[in-house]
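The structure appears right after this line, and notes come after that.
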Protein chains: 2
Amino acid sequence: MTSTRPLRADAARNRELLLAAAADEFAEHGLDASVADIARRAGVGKGTVFRHFPTKDDLIAAIVIDRITALNAVGEPLLTAPDPGAALLEFLTAAARQRQERDLSFLLEAGELNAEVSQVRTRMYEIINALVDRARDHGAVRDDVTGADVILLMCAPNYVTGYLPEAPPDLWRRYLAIIFDGLRPEGAHPLPQPPPTLA
Amino acid sequence: MTSTRPLRADAARNRELLLAAAADEFAEHGLDASVADIARRAGVGKGTVFRHFPTKDDLIAAIVIDRITALNAVGEPLLTAPDPGAALLEFLTAAARQRQERDLSFLLEAGELNAEVSQVRTRMYEIINALVDRARDHGAVRDDVTGADVILLMCAPNYVTGYLPEAPPDLWRRYLAIIFDGLRPEGAHPLPQPPPTLA
DNA sequence: CAATAACCGGACCGGGCGGTCAACTTGTTA
DNA sequence: TAACAAGTTGACCGCCCGGTCCGGTTATTG
């Protein structure tokens with residue numbers, strides 16, 4: 001890796017200001033938020049944005065990496081939690097809550113941005129697969145459901161509440177509960193299509 | 001209403017070409033698809049687009065109205081179907097299938113475009129509410145679930161499969177089945193949040 | 001307290017967007 | 001078939017976007 005010397009004090013502060021401002025701006029306007037608006041919100045010139053993040057995509061990637069890394073830090077210890085079913089539900093709750101604090105649904109719109117995003121995202125997939133496998137072995141989720149299913153479905157609670165402009169902040173919990181009930185073995189009906197595989 | 005005299009023959013044909021081209025283009029590139037591209041795809045000048053649809057939003061609204069109206073035509077007869085649970089599932093299946101044929105997830109991004117959209121959308125809400133009420137009375141869906149819940153969740157199957165660039169065309173059926181299982185009374189756990197109300 | 005390298009800012013650029021318009025073509029009708 | 005309204009077209013406009021660049025500013029270091 002490039003072991004660069006530490007940033008100057010003001011530069012480091014501006015970098016943090018920019019990340020926070022960008023997260024807020026993306027939350028309000030989606031990924032279409034303009035770099036100029038982000039700079040203004042951070043109280044900084046537009047050129048400064050591009051000094052820290054050569055491309056708008058690099059700025060997005062930095063935020064995505066930050067959030068996924070935080071999520072992985074939640075998931076890691078849950079891999080050995082005593083109750084695998086509760087562990088999976090807790091992970092999904094953490095994921096949805098993270099997106100509630102600031103509306104980060106835009107994270108999902110972002111595709112493959114760079115190698116680091118791919119790496120941290122792959123690690124998240126591994127964690128989810130392991131959590132689902134353990135929960136399935138434990139009888140907490142139905143036999144015919146896979147990690148890929150959960151990866152796809154984990155975004156849904158925040159997504160569906162996004163249609164309500166003034167949704168109560170915790171409404172996603174309702175839909176996470178409904179979807180999680182659909183993952184349980186009790187009363188499960190056979191699924192009409194085989195599970196997908198993730199790239 | 002404005003009882004306008006019939007369109008000239010070529011104008012009527014161009015209007016249909018435009019609607020089809022716009023649906024295709026929006027399906028491929030989302031609502032960001034440019035009017036110029038739509039015109040080119042329809043084999044028509046850009047000015048012609050704005051003659052038929054004064055605004056890009058008007059073009060979107062025309063498509064949205066078309067699709068929702070078609071969906072309402074499916075739902076209406078289901079209101080008196082003998083098996084209310086099967087009727088609800090059939091409606092949700094029709095809704096998701098419609099969005100599969102051409103990827104019409106962009107329909108959801110479109111907010112309140114004009115009065116006619118609001119009207120036809122309101123009718124759709126009424127139909128869904130009635131279908132859910134009947135299914136609930138019949139014991140086919142859990143007691144604590146409302147029409148608003150189903151309205152929010154009905155978009156989810158197509159949404160989650162949208163993350164897979166090359167998803168099998170029928171994959172949405174798998175997630176509709178999982179979510180519908182979450183709506184069933186068997187094995188339902190209490191929901192942590194009250195249902196929302198729709199505007 | 002210099003001296004210097006790192007950093008900042010905002011005018012500027014090329015490009016693509018939604019939308020307009022005036023000259024031209026064509027379906028319709030008497 | 002003549003004449004006109006209706007329809008078509010693509011060049012054009014103003015705007016905003018991501019990204020560049022260089023003259024001025026500031027933190028750091030000896």
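Since we're looking at a predicted model, the values are computed, not measured. Quick note on labels: first sequence line is chain A, next is B, and so on, each numbered from 1.
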Exercise for the section: With heavy atoms under 4.0 Å as the rule, sort B:A39 into base, sugar-phosphate or nothing. Expected result: nothing

Fill in the blank from the handout: In whole angstroms, the gap separating C1' of C:dG16 from CD of B:E25 amounts to 15 Å

Problem - Any B:L152 side-chain heavy atom under 4.5 Å of B:P196 side chain - result: yes

Handout entry: Contact summary for A:L113 and A:A61, nearest pair of heavy atoms
Key = CD1-CA, 3.5 Å

Handout entry: Salt bridge flag under 4.0 Å for residues A:D10 and A:R13
Key = no

Problem - Atom-to-atom span, NZ of A:K56 to P of D:dG18 - whole angstrom - result: 4 Å

Exercise for the section: For residues B:V160 and A:Y159, determine if any side-chain heavy atom of one lies less than 4.5 Å from a side-chain heavy atom of the other. Expected result: no

Problem - Length of the CZ-P vector between B:R40 and D:dG10, whole Å - result: 11 Å

Problem - Protein-nucleotide distance (A:E16, atom CD; C:dC7, atom P), rounded to Å - result: 14 Å

Practice task
Please determine if a side-chain N or O atom of A:T55 lies less than 4.0 Å away from the OP1 or OP2 oxygen of D:dG19.
Solution key: yes

Exercise for the section: Go along nucleotides 4-9 of chain D 5' to 3' and tag each nucleotide: B for a protein heavy atom under 4.0 Å from its base, S when only backbone or sugar atoms are that close, - otherwise. Expected result: --BBBB

Handout entry: Common cluster, B:Y125/A:L171, ILVMFWY with side-chain heavy-atom separation under 4.5 Å
Key = yes

Handout entry: B:D137 with B:R134: basic N within carboxylate O range, under 4.0 Å
Key = no

Practice task
Specify the separation, in whole Å, of atom CZ of A:F26 and atom P of D:dC17.
Solution key: 12 Å

Problem - Length of the line joining A:R13:CZ and D:dA27:P, which is rounded to integer Å - result: 9 Å

Problem - Rounded distance in Å - CG (B:L59) to P (C:dC17) - result: 15 Å

Problem - Whole-Å distance separating the CZ atom of A:R15 from the P atom of C:dA6 - result: 18 Å

Exercise for the section: State which of C:dG18, D:dA27, D:dG19 makes the closest approach to the side chain of A:A9. Expected result: D:dA27

Practice task
Would you check if B:L17 and B:N14 make a side-chain contact, meaning some heavy-atom pair closer than 4.5 Å?
Solution key: yes

